[in-house]
Amino acid sequence: MSTAHRFDRGHTDDLMSFLAASPSPYHAVANAAARLEKAGFRQLAETDAWDASAGGKFVIRGGALIAWYVPEGATAATPFRIVGAHTDSPNLRVKPRPDTGAHGWRQIAVEIYGGTLLNTWLDRDLGLSGRLTLRGGEHRLVHVDRALLRVPQLAIHLDRTVNEGLTLDRQRHMTPLWGLGDVREGDLVRFVAEEAGVGADEITGWDLMTHSVEPPAYLGRDRELLAGPRMDNLVSVHAGTAALAAAVGSEALPCIPVLAAFDHEENGSQSDTGAEGPLLGNVLERSVFARGGTYEDRARAFAGTICFSSDTGHAVHPNYAERHEPGHHPVANGGPILKTNANQRYATDGGGRAAFTEACERAGVPWQHFVSNNSVPCGSTIGPITAARHGIATVDIGIAILSMHSARELCGADDPHLLASVLTAFLAG
């Protein structure tokens with residue numbers, strides 16, 4: 001398949017800015033919300049009563065965002081079209097008592113979050129980001145985007161067999177250092193308080209994590225590739241946000257377009273901000289009831305709803321092609337992938353394939369199949385969870401990347417724009 005498609009450098013440049021500005025789920029949500037507000041959306045509080053007015057609206061809960069656009073003339077039974085994605089990525093997260101160290105080194109205690117490729121965090125300059133919780137419940141974002149932490153690898157002279165197989169103990173070998181001297185209790189909290197411009201005694205809780213400070217970059221002789229952090233799955237969050245903002249200008253929308261960006265997909269989605277929680281269902285139901293709907297209207301709306309669960313999948317790896325299904329080799333810049341698994345690790349069925357191909361045809365975008373090798377266990381997404389929890393027809397799609405769950409991943413520089421084009425066509429109905 002040709003790789004010479006409509007490479008929209010503007011879209012990819014914007015994605016790179018989004019990735020760099022979104023080192024944590026909380027930053028990703030804040031940045032997506034700012035883009036939606038610019039497009040005319042307004043934030044609603046879950047504790048307030050909602051009205052039946054038309055227009056764009058969104059709610060934020062922690063690292064999750066649900067946004068929707070109610071067109072003029074929508075009824076209580078108008079179905080939804082949902083783009084589902086997730087805001088979290090595997091990384092190293094700060095423990096409740098972070099200040100530690102040994103032998104003259106000051107270190108930060110971290111917990112491994114998600115299915116992290118541990119070796120990709122070694123000898124990499126790391127920053128710190130997340131949110132602080134202040135007295136009274138206010139949250140404050142913090143983003144230390146400079147070389148602050150590092151997980152040093154053992155020198156080869158002290159482990160001559162390291163190139164025959166690196167084994168990392170998640171507790172002993174992954175603790176980053178950040179200075180010299182004696183360990184001082186409360187040091188990290190005092191540091192992030194100063195960075196955030198608040199007093200250390202104001203901080204009563206935190207959700208902090210590490211990130212690579214190396215910025216996203218075009219790669220290759222012809223700059224046809226994109227290297228960067230958190231592509232799984234901020235590529236989809238960014239594309240879904242752009243698609244929803246574009247839907248505002250569409251005339252006579254036959255449905256209510258929705259972006260559902262969840263947290264905690266990388267560890268099973270079981271939280272109040274994850275796909276297995278009640279957030280999406282609550283928002284959709286409240287939207288129906290705000291328009292004067294009944295349970296019957298809710299059932300009708302859900303029965304006509306379809307969700308594109310957008311997440312990254314595996315491009316064929318040139319050095320490990322035997323790990324892929326022989327008849328299905330997605331390539332970079334080959335367009336979005338349709339993800340299928342007969343055992344329901346993905347939610348796609350024949351009807352979902354038809355909906356996806358229709359959206360691709362309307363957008364004028366090529367697409368590819370992704371199926372796992374029978375001998376290699378298949379991962380999963382928010383797709384089957386969304387389908388099972390809400391009884392909503394769901395299709396698993398995404399873009400093909402290399403180095404998934406690395407601190408730095410790789411995709412075709414054209415694919416993010418192609419994905420956004422398909423999602424825009426889908427949300428427009």
At what distance, to the nearest 0.5 angstrom, does [atom1] of [X] lie from [atom2] of [Y]?
X: Gln153; Y: Arg124; atom1: CD; atom2: CZ; answer: 12.0 Å
X: Ser380; Y: Asn343; atom1: OG; atom2: CG; answer: 11.0 Å
X: Leu419; Y: Trp367; atom1: CG; atom2: CH2; answer: 14.5 Å

Counting only heavy atoms not in [X] (residues, nucleotides, ligands), do more than 12 fall under 6.0 Å from its [atom1]?
X: Gln43; atom1: CD; answer: yes
X: Trp50; atom1: CH2; answer: yes
X: Arg300; atom1: CZ; answer: no
X: Glu111; atom1: CD; answer: no

- prompt: Is it true that the side chains of Thr273 and His264 contain a donor and an acceptor less than 3.5 Å apart?
  reply: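 Side chains of Thr273 and His264: pair found under 3.5 Å.
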task: Decide side-chain hydrogen bond (donor to acceptor under 3.5 Å, both in side chains) for Thr133 and His139; before the verdict, give the C-alpha distance in whole Å, the side-chain angles of both, and the deciding distance to 0.1 Å.
output: CA-CA 5 Å; Thr133 303; His139 296 299; 3.2 Å; yes
message: Out of the candidates Arg291, Arg286, Lys57, only one should pair with Asp51 under the salt bridge (charged side-chain N to carboxylate O under 4.0 Å, His left out) rule; please name it.
response: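 The salt bridge (charged side-chain N to carboxylate O under 4.0 Å, His left out) with Asp51 is passed solely by Lys57 among Arg291, Arg286, Lys57.
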Determine all donor-acceptor pairs shorter than 3.5 Å in which one atom belongs to a side chain in residues 141-148; sequence neighbours excluded.
unit_1	atom_1	unit_2	atom_2	d
Asp145	OD1	His211	NE2	3.0
Arg146	NH1	Glu195	OE2	3.4
Arg146	NH2	Glu195	OE2	3.2

task: Mind jotting down which residue pairs meet the side chain to side chain donor-acceptor pair (under 3.5 Å) criterion with at least one end in residues 73-87? Sequence neighbours excluded, please.
output: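 Counting only pairs at least two positions apart or across chains, the side chain to side chain donor-acceptor pair (under 3.5 Å) contacts touching residues 73-87 are Thr75-Thr78, His86-Asp88, His86-Asp232, His86-Glu265, His86-Asp311.
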field: Residue pairs fulfilling ring pair (Phe, Tyr, Trp, His ring centres under 6.0 Å) with at least one residue in residues 385-412, sequence neighbours excluded
entry: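 Listed by first then second residue: nothing to list.
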task: Measure the acute angle between the ring planes of Phe41 and Tyr69, then classify it against the limits of 30° and 60° as parallel, tilted or perpendicular.
output: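 Ring orientation, 0 to 90° scale: tilted.
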